[in-house]
Number of protein chains: 2
Amino acid sequence: MGEEKYKLFDAEHKFMDIVWNHEPINSTELCKICNEKLGWKKSTTYTMIRKLSDRGVLENKDATVRALVKREEVQQYEIEALLEKAFDNSIPAFVAAFLDAQTLTEEEIREIKKMIEEASK
Amino acid sequence: MGEEKYKLFDAEHKFMDIVWNHEPINSTELCKICNEKLGWKKSTTYTMIRKLSDRGVLENKDATVRALVKREEVQQYEIEALLEKAFDNSIPAFVAAFLDAQTLTEEEIREIKKMIEEASK
DNA sequence: GAGACAAGTCTATTACGATAGACCCCATTT
DNA sequence: AAATGGGGTCTATCGTAATAGACTTGTCTC
């Protein structure tokens, strides 16, 4: 954990969202989508592909781009990073902020409880 | 919600942690602490005070600095921002990532359940 | 064999958050 | 009256993430 692979900057994150939603995807096609959704020029997309490829976040083989890290892994890293940065690693404070920030429905509450049960078995 | 007041950059956040932990605090004293804990020069601290003051994050009156936004408000904003940025606002995905990222003890699980009960009444 | 287009690199430039140096005013001390 | 220290501003500079322009190579087609 704490790997450089998982720490994504904002632009990198937006880009990876597209990759995760379309992989495996042809690089030229990816340029097209990034231009539509992010307004990026071709070279910007290729620069991003190269940087993330160097860091092992994705691979570009025979013009086909694939993620090497899972969305879920990055999400877990982001939770941990936030927990440390803004909550001094206090789990109760984190949960409290979550509960206050969200207006949860009965249904959501039921689901969350169930997930906790599952996780703690 | 979504206010500019709540979005803090990294350096701003570290700085506000110090303010929250010491307020109300004399500005010269604050410079001293920022130098010790962050290695900042005096002008860096005052620049930070001015910027955050302009945005309504804190106030500096008669050389006494006080936060105008609560730590809890910022924490809630951060949760929401992360939820949107990395989880496409999916609460189940967020909870799942949290449960996977943390190895919770029996005690913590009990506490979390209790907090959910409280919040949903 | 001249265009056209896919696939990509290499080297800037831009934007902006982070940080600080030089300077100012005023009160107190020596 | 000069030195010291508190309280502060104003205007850079620095670092680096974000973005792109110009160029290259190869293949296919007309």
Side-chain angles (χ1 to χ4, degrees), chain A residues 3-19 22-66 68 74 77-78 81-82 85-86, chain B residues 3-19 22-68 74 77-78 81 85-86:
Chain A
E3 294 301 330
E4 274 318 304
K5 295 199 296 187
Y6 301 129
K7 185 194 159 77
L8 301 182
F9 293 104
D10 279 14
E12 292 172 348
H13 201 288
K14 285 178 193 158
F15 172 74
M16 283 305 295
D17 269 334
I18 291 176
V19 173
H22 293 86
E23 65 171 338
I25 182 172
N26 165 269
S27 59
T28 298
E29 182 63 21
L30 184 54
C31 287
K32 219 161 285 175
I33 297 177
C34 286
N35 178 259
E36 287 164 16
K37 305 229 177 184
L38 304 175
W40 288 5
K41 301 299 178 189
K42 191 183 71 159
S43 60
T44 303
T45 299
Y46 275 109
T47 299
M48 192 57 80
I49 289 174
R50 173 119 312 282
K51 284 187 73 173
L52 294 181
S53 176
D54 287 348
R55 273 164 43 205
V57 178
L58 54 73
E59 68 170 10
N60 180 17
K61 200 170 274 179
D62 301 326
T64 297
V65 174
R66 264 174 252 265
L68 292 181
V74 171
Y77 171 83
E78 305 246 30
L82 181 61
K85 174 191 162 198
Chain B
E3 294 300 333
E4 274 318 302
K5 295 199 297 187
Y6 301 128
K7 185 194 159 75
L8 301 182
F9 293 104
D10 278 14
E12 292 172 348
H13 202 288
K14 283 178 194 159
F15 172 75
M16 282 306 295
D17 269 334
I18 292 176
V19 173
H22 293 85
E23 66 170 338
I25 181 172
N26 166 269
S27 58
T28 298
E29 183 62 21
L30 184 53
C31 287
K32 219 161 286 174
I33 297 177
C34 286
N35 178 258
E36 287 164 15
K37 305 228 177 183
L38 305 174
W40 288 4
K41 302 298 177 189
K42 191 181 71 159
S43 59
T44 302
T45 299
Y46 275 109
T47 299
M48 191 57 81
I49 289 174
R50 173 119 312 281
K51 285 187 71 173
L52 295 181
S53 177
D54 288 347
R55 276 167 37 206
V57 178
L58 53 73
E59 69 170 11
N60 180 17
K61 201 170 273 179
D62 301 326
T64 298
V65 174
R66 264 174 252 267
L68 292 181
V74 171
Y77 171 83
E78 305 247 31
K85 175 192 161 198

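When reading the values below, keep in mind they use all heavy atoms of this one structure, side chains included, and skip hydrogens, waters and symmetry mates. Please read these numbers as outputs of a predicted model, since none were measured by experiment.
- Taking atom CG of B:Asn35 as the reference point, atom P of C:dA18 lies 18 Å away to the nearest angstrom.
- The CD1 atom of B:Ile25 sits 11 Å away from the P atom of D:dG7 (whole-angstrom rounding).
- Between B:Lys32 atom NZ and D:dG6 atom C1' the separation is 9 Å, expressed in whole Å.
- Whole-Å rounding puts the A:His13 NE2 to D:dA18 C1' distance at 17 Å.
- With contacts defined as side-chain heavy-atom distances shorter than 4.5 Å, the pair B:Ile33/B:Ile25 qualifies.
- Rounded to a whole Å, the CZ atom of A:Phe9 is 17 Å from the P atom of C:dC16.
- The side chain of A:Trp40 lies closest to D:dT19, out of D:dG8, D:dT19, C:dG8.
- OP1 or OP2 of C:dG8 lies within a sub-4.0 Å distance of a side-chain N or O belonging to A:Ser27.
- Residues B:Leu52 and B:Arg55 are in side-chain contact: their nearest non-hydrogen atoms beyond the backbone lie under 4.5 Å apart.
- Rounded to a whole Å, the CG atom of B:Leu8 is 15 Å from the C1' atom of C:dA18.
- The distance from atom CG of B:Asp10 to atom C1' of C:dC16 is 14 Å, rounded to the nearest whole Å.
- Taken residue by residue, residues 41-48 of chain B places heavy atoms nearer than 4.0 Å to DNA chain C at B:Lys41, B:Ser43, B:Thr44, B:Thr47.
- Inter-residue side-chain proximity for B:Lys85 and A:Glu78 is flagged as met; some heavy-atom pair is nearer than 4.5 Å.
- Under 4.0 Å is where a charged nitrogen must lie from a carboxylate oxygen, and between A:Arg50 and A:Asp54 at least one such pair does.
- Using a 4.0 Å cut-off, no side-chain N or O of B:Asn60 falls inside it from OP1 or OP2 of D:dG7.
- Remark: A:Arg50 is not in phosphate contact with C:dG8, judged by side-chain N or O atoms under 4.0 Å from OP1 or OP2.
- Proximity of A:Phe15 to A:Leu58: side-chain heavy atoms (C-beta onward) are separated by under 4.5 Å at one or more points.
- Considering only heavy atoms from C-beta on, A:Tyr6 comes within 4.5 Å of A:Val74 through its side chain.
- Rounded to the nearest 0.5 angstrom, B:Met48 CE and B:Met16 CE are separated by 10.5 Å.
- In the helix from C:dG1-D:dC30 to C:dT30-D:dA1, the rotation axis of the first five pairs and that of the last five pairs differ in direction by 30°, rounded to 10 degrees.
- The NZ atom of B:Lys41 sits 6.0 Å away from atom CG of B:Asn35, with the distance rounded to the nearest 0.5 Å.
- Between B:Leu38 and B:Ile18 the shortest side-chain heavy-atom distance falls below 4.5 Å.
- Going from atom CG of B:Leu30 over to atom C1' of D:dG8 covers 13 Å, rounded to whole Å.
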